[in-house]
Amino acid sequence: MKEWSVKGMGDEVTVFSPAGDVYPFVITSVQDLRLRLHDRPNWRDGREPDDADLKIYAAHRVASRWTMETFGSAIG
């Protein structure tokens, strides 16, 4: 099974789900590394699934964890 993966560049944090969906987040606060969804997810199937909110929530958790692990020591 594929794992979640994350790519970061500047203030952009992109999350790739095991199912092939892509979630573009942006860091909105450098002080506390707050993230928000920057644009609509790119759904692998091309349409938003019924459980989109749950998938976005899971992707946000992955993005938050990655951001804190990557940049957390720089602010704390």
Side-chain angles (χ1 to χ4, degrees):
M1 183 172 137
K2 289 179 69 177
E3 299 286 323
W4 290 86
S5 64
V6 181
K7 178 177 83 173
M9 180 181 236
D11 65 348
E12 297 176 2
V13 178
T14 305
V15 177
F16 304 87
S17 78
D21 302 323
V22 181
Y23 303 85
F25 291 95
V26 65
I27 298 172
T28 60
S29 173
V30 176
Q31 279 102 2
D32 62 5
L33 299 177
R34 194 170 325 139
L35 295 163
R36 72 170 169 80
L37 197 57
H38 180 65
D39 202 356
R40 296 181 56 84
N42 181 0
W43 304 109
R44 180 184 61 102
D45 294 335
R47 60 186 172 88
E48 187 173 300
D50 292 339
D51 61 349
D53 289 343
L54 292 174
K55 292 179 179 212
I56 292 169
Y57 177 77
H60 186 269
R61 289 181 51 98
V62 171
S64 294
R65 183 174 42 249
W66 180 88
T67 302
M68 191 56 76
E69 289 172 358
T70 303
F71 301 112
S73 62
I75 64 165

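- In this view, Pro49 and Trp43, Asp51, Ala52, Lys55 satisfy the side chain to side chain contact (heavy atoms under 4.5 Å, CB included) rule, not counting sequence neighbours.
- Annotation for Arg36: atom CZ counts as buried by contact number, over 12 foreign heavy atoms lying within 6.0 Å.
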Could you list the donor-acceptor pairs under 3.5 angstrom formed between side-chain atoms of residues 11-21 and any protein atom two or more places apart in sequence or on another chain?
residue: Ser17; atom: OG; partner: Ala19; partner atom: N; Å: 3.2
residue: Ser17; atom: OG; partner: Gly20; partner atom: N; Å: 3.3
residue: Ser17; atom: OG; partner: Asp21; partner atom: N; Å: 3.0
residue: Asp21; atom: OD1; partner: Arg44; partner atom: N; Å: 2.8

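- Here Asp53 contributes atom CG and His60 contributes atom NE2; the two are 13.0 Å apart, rounded to the nearest 0.5 Å.
- By the salt bridge (charged side-chain N to carboxylate O under 4.0 Å, His left out) test, Arg40 pairs with Glu48, sequence neighbours left out.
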In a table with atom names and distances, give each donor-acceptor pair under 3.5 Å that connects a side chain of residues 23-30 to protein atoms at least two apart or in another chain.
residue: Thr28; atom: OG1; partner: Arg34; partner atom: O; Å: 3.3
residue: Ser29; atom: OG; partner: Asp32; partner atom: OD1; Å: 2.8

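- Phe71 and Val62 end up in the same hydrophobic cluster when Ile, Leu, Val, Met, Phe, Trp and Tyr side chains are linked at under 4.5 Å.
- Rounding to the nearest 0.5 Å places OG1 of Thr67 at 4.5 Å from CG of Leu35.
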